[in-house]
Every structure is written in structure tokens, then in C-alpha cells.
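Only heavy atoms go into these numbers, but all of them, side chains included; no hydrogens, no water, no symmetry mates.
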Amino acid sequence: MKRIQFISLAVLAFALSLGACQDVVTYDDGGYDPEPKAKGAPVIEDIVAIQNRDSVIYGGVLAQTIVLRGENLNGIKSIKFNDVAADIEEAYAAGTFLTLSVPRTLPTEINNQIVLETTKGTATTSFTINIPELVIDGLTNDFVMPGNTTLLKGANFDIYGITPTEGHITINGAPVVIVSVPDLYTLEVKLPTSATADFNQTMKVWGSQLDESEAYELTVRKCDQYLSNLSVPTTDRTIWPWGFTGGDAISGRTDGTHSGDPKPGSTVMEGYYLRFNATVGGWSDRRFFDMMTIPITNADALSHMEDYDLTFEILTQLPITARLQVEGSTNWYFLGEPIDDTKTFTTDGEWVTYSFPALRTNNGLTNGGEVGVVRKTVAMVFLARSNDGIQMDVSMANFRLVKKR
């Protein structure tokens with residue numbers, strides 16, 4: 001009797017173990033799928049953005065993460081946006097929804113459709129993808145010396161195949177080398193040794209996804225009127241009244257040979273540039289040069305100053321926790337946003353090109369009612385942001401009027 005009971009208990013335990021095995025969650029090569037396997041062809045009912053599932057969308061942008069909702073949205077074999085296949089290894093399928101990203105790749109043919117193929121069939125739905133244009137803002141140093149490197153700023157270089165191996169850039173026909181790609185918005189480029197310092201040169205940019213016949217074109221080293229006259233000796237007080245103050249305290253023009261002068265890594269059109277190296281007292285102004293009467297000869301600028309920028313190259317050897325201002329009656333302009341005690345302006349010891357609206361400078365670069373003449377009190381003024389004062393060391397060159405694009 002005891003033997004019979006023992007056998008019955010063993011059989012019961014075995015039966016229970018079989019039942020437990022039937023509850024084990026199974027996995028397949030497609031990853032964990034809590035939904036039942038697809039019973040039929042896929043059906044796409046609608047599409048939403050992953051950030052907002054309350055609103056249906058009918059289009060999107062490259063690299064956007066979206067969610068397809070419907071039925072039988074698993075067992076994926078492929079999914080295409082236009083003619084570009086998405087990476088299904090990165091997709092998450094769960095029967096009633098499918099989460100994935102729009103490929104960051106330009107299509108060859110545009111049909112504005114999503115085509116989903118599964119082991120049970122195919123589903124198609126309309127979906128318009130906004131194809132971004134190539135954007136090029138320009139060189140960070142418009143007057144970089146021949147053979148030197150600088151940065152080309154813009155957007156969407158990668159999707160147009162503008163890379164060190166597939167991209168092409170020329171300036172006035174001479175090839176520019178793409179050295180590296182620091183980020184999605186930047187190319188490090190090296191100018192040819194044959195590059196000249198001429199104004200208004202044509203840059204062309206194209207890549208594996210942009211034919212040379214459709215190359216992006218822009219004007220670099222743009223100048224509609226050159227304003228500096230640094231070639232005039234500083235002893236001529238009607239032109240540059242602020243000269244060297246002796247020692248290393250510099251307030252005026254230099255040719256790059258004085259103590260601590262930065263190398264002219266930016267082409268200096270006249271062979272001279274301005275450098276201010278001195279201490280500014282706390283909460284005080286320190287004027288270090290005046291641009292005297294320089295006639296504006298550009299007729300369009302005289303009539304439409306709002307269409308122009310005052311552009312120049314600048315280099316800081318010390319971070320500026322102060323305001324660099326252009327003075328003129330009620331009009332002031334600061335480098336960058338108005339700076340507080342915790343912020344700085346710096347070019348990290350590199351020459352960079354900087355612009356601000358000309359109309360904000362001295363009522364449009366005019367001297368009262370004297371049309372076409374730079375106001376005599378145009379000046380760069382430093383306002384220290386600390387009660388303890390600040391040591392300044394900043395250089396500038398190539399002041400010019402440039403029409404906005």
C-alpha cells in the first residue's frame with residue numbers, strides 16, 4: 001500500500017512539472033515578443049511619434065523614431081522608407097505596434113511610402129519624409145592662411161556624402177582637403193597652399209550624394225567694402241589716435257612682431273592688425289582705438305544699411321569676462337549675448353570671423369547727418385564685469401562691410 005502511494009505521488013509530481021513547462025516564456029531570433037505570433041498579413045492602421053502617441057502623423061524627418069500601430073506587426077523581414085531599408089535589428093515588434101527609426105539616408109527614388117514585409121505578407125502606407133537641404137554657414141575663419149586648417153560650419157554633411165573619403169570642396173577651383181568630421185555640423189578643412197587672399201572667392205561643395213553639377217556654392221572672404229586703413233601710420237592722429245603705450249601694454253596697430261603678439265593665422269589684408277593688451281579697471285570703460293572718417297563708397301550700403309553686417313576677424317589670448325562694445329550714441333553691440341560674471345567670450349587663441357548688424361553701429365555707420373562717413377567716435381569699448389578689473393588681450397583685423405545672405 002505504501003509502495004502504491006509512493007508511485008502515485010511520483011506520477012503527480014511529474015504531471016505538475018509538465019504543466020509548469022507549458023508556462024515557460026519562449027524567445028526567438030527576433031527578440032522577446034509578448035504578443036501572439038502573426039496570424040495573417042500585416043495591417044498598418046496609423047503612425048505616431050514616439051514622444052506623442054495621441055496624435056497621428058503622416059510624415060516625418062530623417063532619424064525620427066516612430067511607432068506603427070495595427071495588427072500582425074511582427075515576423076519582420078524588411079521595412080523600407082521610400083527605397084531605403086531600415087535597420088530591423090534596431091526595431092521593436094510587438095504584434096500590435098512596431099517601433100523603429102527613419103533611416104538617416106537619402107533615398108534614390110521617392111514614393112512617399114512605407115513598405116513592411118513580414119513572414120505573412122506585405123503592408124504599404126503613405127508617409128512623407130522631409131528631405132533636409134545641405135546647409136553651409138561658412139568658414140569659422142574666412143581669412144585663414146593658405147595651407148592652414150579651419151572649420152566649415154553647416155548641417156547635413158553626412159547624408160550628402162561630404163566626408164573625408166567621398167566629399168569634395170574647392171575654392172576658386174583649387175581643392176580643399178577635408179581633414180576630419182568633428183561632429184554633424186562641422187568639417188575640419190585645410191586650404192590649398194595656392195589659395196590667395198582675394199575678396200569674394202567661390203567655394204563649391206559636393207559629395208557622393210550630391211553631384212558636382214548640383215554643388216552647393218557660396219562666397220567666402222566676402223567683402224562689399226573694406227573699412228580699415230591700418231596702413232596709415234599711427235602717428236597720424238586724424239586716422240588712428242591710439243598707438244602703443246610702451247612695454248607689453250599695447251593699444252593700437254601691430255605687425256605681429258611685438259612681444260606676445262599672436263601669429264597672424266588669419267590673412268591680415270594690410271599687414272597690420274589691432275591688439276589690445278592691458279588691464280581694464282572694475283566697472284570702467286577702456287577705449288583702445290577709434291575708426292576715424294572712412295567714406296562709405298558702396299551705394300547699396302548707403303541706401304540699405306540694414307542689409308549689411310560689420311565683419312572682422314578676432315582672436316582672444318585670454319578669456320573675456322567683459323563686454324566688447326561698439327560705441328555710438330544709443331546703439332551698442334556686444335560680442336555674443338550680454339555677458340554676466342559667470343560667462344566668458346573666447347576664441348581659444350584662434351582667429352575667427354565675427355559679424356554683427358551694421359545698422360546697430362552708430363546709426364548705420366554714419367556720422368549724424370553726414371551721409372557716407374564713419375562716425376568719428378566709432379570705437380571698441382571694454383566694460384569690465386568684476387570689481388577687481390580684468391586683464392584683456394584681444395586682436396582684430398580686416399574690418400569690412402558684408403551684405404547679408
Side-chain angles (χ1 to χ4, degrees), residues 60-66 78-91 100-111 114-115 129-198 200-222 265-267 313 347-353 405:
V61 297
L62 300 184
Q64 180 182 7
T65 300
I66 61 174
S78 69
I79 183 168
K80 290 184 176 181
F81 294 81
N82 295 308
D83 62 351
V84 179
D87 184 359
I88 61 174
E89 295 296 326
E90 298 296 326
L100 76 166
S101 294
V102 179
R104 187 175 168 80
T105 304
L106 293 180
T108 302
E109 296 183 5
I110 297 177
N111 55 27
I114 296 177
V115 179
I129 299 174
N130 179 33
I131 306 299
E133 295 182 351
L134 175 63
V135 176
I136 301 182
D137 299 321
L139 299 171
T140 57
N141 180 356
D142 225 15
F143 279 82
V144 61
M145 297 282 279
N148 287 7
T149 61
T150 188
L151 301 177
L152 181 65
K153 306 296 286 187
N156 303 319
F157 293 116
D158 59 326
I159 62 175
Y160 284 93
I162 303 169
T163 66
T165 56
E166 297 181 319
H168 302 275
I169 302 176
T170 62
I171 292 183
N172 277 8
V176 175
V177 176
I178 302 176
V179 178
S180 66
V181 184
D183 54 55
L184 287 175
Y185 307 97
T186 310
L187 298 179
E188 182 186 12
V189 297
K190 183 178 181 180
L191 266 66
T193 56
S194 61
T196 66
D198 298 337
N200 302 317
Q201 300 188 38
T202 300
M203 172 180 280
K204 292 186 177 182
V205 182
W206 70 97
S208 60
Q209 302 302 312
L210 183 67
D211 292 338
E212 183 178 1
S213 61
E214 300 176 340
Y216 190 107
E217 292 190 14
L218 70 156
T219 302
V220 295
R221 299 188 168 178
K222 193 170 182 183
S266 180
T267 299
E313 276 63 56
T347 70
D348 296 317
E350 301 289 339
W351 285 98
V352 301
T353 300
R405 284 197 286 169

Tell me, do [X] and [Y] make a side-chain contact under 4.5 Å, heavy atoms counted?
X	Y	value
I169	L187	yes
T170	H168	no
T163	I178	no
V61	V102	no
T150	V189	yes
Q201	T196	yes

Checklist entry - Only one of E313, K222, R221 forms a side chain to side chain donor-acceptor pair (under 3.5 Å) with T353, so which one is it? => result E313
Item to check | Euclidean distance, D158 CG relative to L134 CG, rounded to 0.5 Å | outcome: 10.0 Å
Checklist outcome for this item: To the nearest 0.5 Å, atom OG1 of T105 lies from atom CG of L62 at 7.5 Å
Do you know the tightest heavy-atom contact between [X] and [Y]?
X	Y	result
L100	F81	CD1-CE1, 3.8 Å
F157	L184	CD1-O, 4.0 Å
I131	Y160	CG2-OH, 4.4 Å
P146	A195	CG-O, 3.2 Å
N82	I129	ND2-CD1, 3.9 Å
M145	L191	O-CB, 4.5 Å

Would the number of heavy atoms belonging to other residues, nucleotides or ligands and lying under 6.0 Å from [atom1] of [X] be above 12?
X	atom1	value
E350	CD	no
K153	NZ	yes
Y185	OH	no

